[in-house]
Amino acid sequence: MSLQTTTRPPAQRQARAVRLGPRSVIALALVSAVGVAGFGWPFLAPPTSRLSAHAQDAPWLFAGVLVLLVAVVAAAISESGLGPKAVAMLGVLAATGAALRPIGAGTAGIEPMFFLMVLSGRVLGPGFGFVLGSVTMFASALLTGGVGPWLPFQMLAMGWFAMGAGLLPGPDRLRGRAERAMLAGYGFLAAFAYGTVMNMAGWPFMSALASNVAFDPHAPVAANLARFVAYCLATSLGWDLGRAVVTVVLTLALGPAVLRALRRATRRAAFETPVTFDTAGK
């Protein structure tokens, strides 16, 4: 009687549509730092600063800066190897995400595009995820007519959202239920984070005279923080909860099929294989 042992083949490194180089990482870090300042300036600027004195103008200023910086980051990532096959994949996923977004428009947080961003970022990596999130939000804004000073903030926040999924641990080894549970947990928390940072982008537009939860440029940071928490609880908690629950449900229900399809498409695309042309017959 002989015992046969089987060993699992070593996990192959997951292909990435974009491998981030040093320049892309630096560009991402810089745009993220400016984005943090753009979102959080009400808590960073003292009441006596000139920025607080122009509270109604500051969001427009940061929106203009973010447009340029997101474009720079996209260009830097493209130079890192966003080839024609990756561009085609980007176009398909961005179009799908843009088409999914209007499905739940105006309906208590039913936003199915978020689960697609989570799964795409997981399979295709953080660099591709950032570009996909930004491009998808831009395309959906054109589709729904949602173009305004909030759009650059949405593009950056969605880029962070999809990029974060690509930074989760175990991209080459973790599979099955454990991976889906991790992605669902990330989607739940990140959906709330997205809603919170977008609240920070729009909150300074409110007039302090209109509500006791609006941003007051003359109030100390602690008072404005309390106002912001009350604003989130009063205006967006239900929407954020709906978004988080829908993301979890779709990730658990459709995740296995979508992950398989994305990984199969990634293998067939062979992003990291250079394109060559056979000229032997000429």
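Note that the coordinates shown come from a computational prediction; the quantities given were computed from them, not determined experimentally. No hydrogens, no waters, no symmetry mates; every other heavy atom, side chains included, goes into these values. Here, residue 1 is the first one in the sequence, and each next residue gets the next number.
At a threshold of 4.5 Å between non-hydrogen side-chain atoms, the residues Met163 and Phe128 do not count as touching. Between Ser120 and Leu262 there is a side-chain heavy-atom pair separated by less than 4.5 Å. Side-chain contact between Glu111 and Trp239 is present, with heavy atoms from C-beta onward closer than 4.5 Å. Side-chain atoms of Leu124 and Thr266, non-hydrogen and from C-beta on, do get closer than 4.5 Å to each other. Side chains of Ser134 and Phe138 form no contact here, defined as non-hydrogen atoms less than 4.5 Å apart. Between Met113 and Thr136, the closest side-chain pair of non-hydrogen atoms falls below 4.5 Å.
Although no hydrogens or angles enter the test, the distance criterion places a donor-acceptor pair under 3.5 Å between the side chain of Trp203 and the main chain of Val213. Distance alone, capped at 3.5 Å, places no donor-acceptor pair between the Arg227 side chain and the Phe215 backbone. Side chain of Arg175 to backbone of Pro171: a donor-acceptor contact under 3.5 angstrom is found.
Separation of atoms CZ (Arg122) and CG (Leu167) is listed at 10.5 Å; rounding is to 0.5 Å. Between atom CG of residue Leu259 and atom CG of residue Leu183 there is a gap of 6.0 Å, rounded to the nearest 0.5 Å. Here the straight-line distance linking atom CE of Met198 with atom CZ of Phe39 works out to 5.5 Å at 0.5 Å rounding. The structure places CE of Met182 at 4.5 Å from CG of Leu168, a figure rounded to the nearest 0.5 Å.
Taking both residues in full, the closest heavy atoms of Gly255 and Leu119 are given as CA-CD1, 3.9 Å, listed atom of the first, atom of the second, then distance. Of all heavy-atom pairs between Val135 and Ala94, the closest is CG1-CB, 3.9 Å. Contact between Met117 and Gly133 at its shortest, heavy atoms only, is SD-CA, 4.1 Å. Residues Gly166 and Pro126 come closest through the heavy atom pair O-CD, 3.6 Å. Residues Leu174 and Pro169 come closest through the heavy atom pair CD2-O, 4.2 Å. Between Asn199 and Cys232 the shortest heavy-atom distance is ND2-SG, 3.4 Å.
For the side chain to side chain donor-acceptor pair (under 3.5 Å) condition, the pairs that include at least one residue of residues 153-165, sequence neighbours left out, are Ser32-Trp160. The stretch residues 180-191 participates, sequence neighbours left out, in no side chain to side chain donor-acceptor pair (under 3.5 Å) pair at all.
Follow the hydrophobic side-chain contacts under 4.5 Å out from Phe115 and you never reach Val92; the two are in separate clusters.
Qualifying side-chain contact (heavy atoms from CB on, under 4.5 Å) partners for Ala193, counting only residues two or more places apart in sequence or in other chains: none. Listed by chain and residue number, Phe228 satisfy the side-chain contact (heavy atoms from CB on, under 4.5 Å) test with Thr196 (two or more places apart in sequence, or in another chain). Under the side-chain contact (heavy atoms from CB on, under 4.5 Å) criterion, Ala29 pairs with no residue at all, not counting sequence neighbours. Phe114 meets the ring pair (Phe, Tyr, Trp, His ring centres under 6.0 Å) test with Phe161, Tyr194; sequence neighbours excluded. Considering only residues two or more places apart in sequence or on other chains, Phe192 meets the side-chain contact (heavy atoms from CB on, under 4.5 Å) condition with Phe188, Leu237, Asp240, Leu241, Ala244.
By the 4.0 Å N-to-carboxylate-O rule, Arg263 lies close enough to Glu179 to be salt-bridged with it.
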